[in-house]
Amino acid sequence: MLPDGEIIEGLATIDESAITGESAPVIREAGGDKSSVTGGTKVLSDKIKIKVTTEAGESFLDKMIALVEGASRQKTPNEIALTILLAGFTLVFIIVTITLKPFADYAQTPITIAAFISLFVCLIPTTIGGLLSAIGIAGMDRALRANVITKSGKAVETAGDIDVLLLDKTGTITIGNRKATNFYPANGIDKDHFVNASVLRSMADETPEGKSIIELADIIPTTYNLENPRFIKFTAETRSSGIDYADIKIRKGATDAIKTIIEKAGNTFPDEIAERVRSISSNGGTPLVVAENERVIGVIELQDIIKPGIKERFERLRKMGIKTVMVTGDNPLTAKFIAEKSGVDDFIAEAKPEDKMNYIRKEQSEGRLVAMMGDGTNDAPALAQADVGVAMNSGTQAAKEAGNMVDLDNDPTKLIEVVEIGKQLLMTRGTLTTFSIANDVAKYFAIVPALFIANIPALQNLNVMNLHSPESAILSAIIFNALIIPLLIPLALKGVSYKPIGASALLRRNLLFMALEAFWFLLLV
């Protein structure tokens with residue numbers, strides 16, 4: 001890993017994906033505007049000497065830490081609503097219990113200490129309060145079975161309500177390493193000859209790109225019987241690599257590097273290859289030009305590989321009403337190509353860590369809940385700010401610490417399962433909350449009228465359960481309390497079923513049920 005500083009000697013290929021999010025390595029050299037390096041990046045080839053230029057506490061990583069510490073997660077609408085509901089019921093409970101003794105004295109109805117304690121136990125809104133923990137633990141367990149580690153049940157529950165999902169491109173939407181996708185031979189060159197030359201050059205290439213060329217060609221390199229081959233390794237200075245054997249010289253590298261070799265030998269760079277290079281670049285790919293004996297024989301296309309099945313899964317998120325946004329450090333052209341290919345709704349190109357964080361804050365200020373998925377150090381501030389921050393297991397430690405979930409499978413669409421689990425938790429909590437409200441109201445109507453019915457006969461109209469004494473009312477409420485919470489625990493743990501359908505379809509279904517209920521009521525009348 002490199003520190004923050006300036007290159008004072010040499011040049012090298014640097015992997016900056018953990019910082020910028022861009023998968024393609026870059027060339028950094030002494031002098032000019034490409035001499036700076038950032039902490040957390042890695043040298044892939046060659047050697048450089050660096051002068052540390054940042055003061056203590058001012059490095060890139062220090063800035064990321066400051067941004068993470070400045071991030072804060074907001075309370076969700078459901079969390080606020082539940083807090084208000086429980087506070088309201090608690091306030092009613094306090095008012096009832098405080099006024100109960102003076103009212104009993106006024107009605108000349110004695111209430112014993114045992115009765116008071118029993119009333120406290122019965123009237124406190126314990127049902128939903130006691131089951132909330134069970135609901136959260138069940139959600140964490142279901143998420144773990146989907147290979148997602150969550151730091152709290154609240155995080156899973158919040159996932160069920162998200163409106164916007166931000167995804168980092170490198171390592172999240174794409175595999176993270178560029179792979180060969182096509183061989184394009186030059187005019188007059190046999191494709192098999194070009195493919196064989198490409199494989200010969202990639203025999204000693206241990207990079208993911210080199211291995212992908214052999215994989216795409218579907219040729220086993222050991223089938224070539226070469227005598228005394230000499231392999232030329234890739235360097236940041238030459239920006240090319242090669243193999244020499246017998247009287248054949250094969251070179252593979254960046255377009256401008258191979259073009260220089262060709263023109264120095266007195267040959268011309270083919271126009272169709274130049275056009276092919278431009279086409280590959282405009283589609284977000286990386287062209288590798290191959291030359292044999294100082295003549296271009298073709299170009300290999302490298303692309304960021306989209307993870308399998310991701311487009312269909314983004315469509316499922318869209319049906320759930322979730323907007324997907326790809327965030328990347330790539331240029332707008334590459335970002336647009338990947339966004340269209342992967343099926344996301346929108347993209348943000350050349351995004352800095354501050355840009356991601358500010359975008360999330362903007363969405364949150366407009367009342368939306370935002371989820372963020374990422375794997376790099378540059379994603380840590382956004383992961384900390386998002387309502388749901390999901391870090392990839394293959395990501396940096398900073399990303400894992402900042403998020404409140406970790407996806408062990410490194411699957412960007414795993415959020416679909418998490419959202420479904422979250423929605424199931426919300427529906428379960430809603431069901432139990434509705435029951436809890438009805439339960440608490442019923443207990444008030446069961447106990448309070450029965451306490452004073454002997455001295456205030458008018459309360460008989462409120463005695464809907466026809467309880468004949470205060471003792472029977474209190475005893476029935478205590479028995480009900482003792483039985484109902486244990487009986488509801490299995491429902492809290494299992495949860496109610498959830499079917500992923502869109503809001504419009506859900507509205508149509510509910511309107512249909514309401515119409516049927518109204519029709520049935522009219523028939524009964």
Problem - Sole residue of Ile149, Leu383, Asn393 in side-chain contact (heavy atoms from CB on, under 4.5 Å) with Lys400 - result: Asn393
Exercise for the section: Give the intermediate values and the outcome of side-chain hydrogen bond (donor to acceptor under 3.5 Å, both in side chains) for residues Asp345 and Thr324. Expected result: CA-CA 5 Å; Asp345 297 313; Thr324 53; 3.3 Å; yes
Problem - Heavy-atom neighbours of Asp190 CG exceed 12 at 6.0 Å - result: yes
Handout entry: Min side-chain heavy-atom separation Leu288-Leu302 under 4.5 Å
Key = yes
Practice task
Could you tell me the separation between the CG atom of Leu165 and the CZ atom of Phe314, rounded to the nearest 0.5 Å?
Solution key: 7.0 Å
Practice task
Would you indicate whether the side-chain heavy atoms of Val325 and Val164 approach each other to under 4.5 Å?
Solution key: yes
Exercise for the section: Start with the C-alpha gap between Glu420 and Lys423, add the side-chain angles, then the distance that decides, and say whether salt bridge (charged side-chain N to carboxylate O under 4.0 Å, His left out) holds. Expected result: CA-CA 5 Å; Glu420 290 177 349; Lys423 288 186 180 296; over 6 Å; no
Problem - Closest non-hydrogen atom pair, Phe183 against Lys191 - result: O-CE, 3.9 Å
Practice task
Please tell me if the side chains of Arg313 and Glu417 come closer than 4.5 Å, counting only heavy atoms from C-beta onward.
Solution key: yes
Handout entry: Point-to-point distance, once rounded to the nearest 0.5 Å, from OH of Tyr184 to OG of Ser279
Key = 7.0 Å
Handout entry: Shortest non-hydrogen separation from Met372 to Ala386 and the atoms involved
Key = CB-CB, 3.7 Å
Handout entry: Inter-residue atom distance Lys259.NZ - Ile273.CD1, 0.5 Å rounding
Key = 12.5 Å
Problem - Over all atoms of both residues, closest heavy-atom pair of Ala349 and Pro332 - result: CB-CA, 3.6 Å
Handout entry: Ala159: partners by side chain to side chain contact (heavy atoms under 4.5 Å, CB included), with sequence neighbours left out
Key = Val388, Met405, Val418
Problem - Sole candidate of Ser240, Ser202, Ser241 that passes side chain to side chain donor-acceptor pair (under 3.5 Å) when paired with Lys252 - result: Ser202
Practice task
Say whether Gln364 and Glu366, considering side chains only, have a donor N or O and an acceptor N or O under 3.5 Å apart.
Solution key: no
Exercise for the section: Give, for atom CG of Leu369 and atom CD1 of Ile360, the distance between the pair rounded to the nearest 0.5 Å. Expected result: 12.0 Å
List the atom pairs, with distances to 0.1 Å, where a side-chain N or O of residues 290-299 and a protein N or O form a donor-acceptor pair under 3.5 Å, not counting sequence neighbours.
| residue | atom | partner | partner atom | Å |
| --- | --- | --- | --- | --- |
| Glu292 | OE1 | His193 | NE2 | 2.8 |
| Asn293 | OD1 | Lys249 | N | 2.8 |

Problem - From Lys179 atom NZ to Asp304 atom CG, the distance as rounded to the nearest 0.5 Å - result: 11.5 Å
Handout entry: Considering all heavy atoms, the nearest Val277-Pro287 contact
Key = CG1-CG, 3.6 Å
Exercise for the section: With rounding to the nearest 0.5 Å, note down the distance linking CD in Gln303 to OG1 in Thr181. Expected result: 5.0 Å
Handout entry: Note, Lys319 side chain near Arg316 side chain (heavy atom, < 4.5 Å)
Key = no
Problem - Val370 and Tyr359, any side-chain heavy atoms less than 4.5 Å apart - result: no
Practice task
Kindly indicate whether the side chain of Ile322, heavy atoms from C-beta on, has any atom under 4.5 Å from the side chain of Val419.
Solution key: yes
Exercise for the section: For the residue pair Phe347 and Ile338, establish whether any side-chain heavy-atom pair is separated by less than 4.5 Å. Expected result: no
Exercise for the section: Would you sort out whether Arg368 and Asp163 count as a salt bridge (charged side-chain N to carboxylate O under 4.0 Å, His left out), showing the intermediate values? Expected result: CA-CA 6 Å; Arg368 300 183 184 92; Asp163 306 294; over 6 Å; no
Handout entry: Heavy-atom pair with the smallest gap, counting every atom of Val195 and Ala217
Key = CG1-CB, 3.5 Å
Problem - Partner set under salt bridge (Lys or Arg N to Asp or Glu O under 4.0 Å) for Lys311, not counting sequence neighbours - result: none
Problem - Heavy-atom pair with the smallest gap, counting every atom of Val289 and Ile258 - result: O-CG1, 3.5 Å
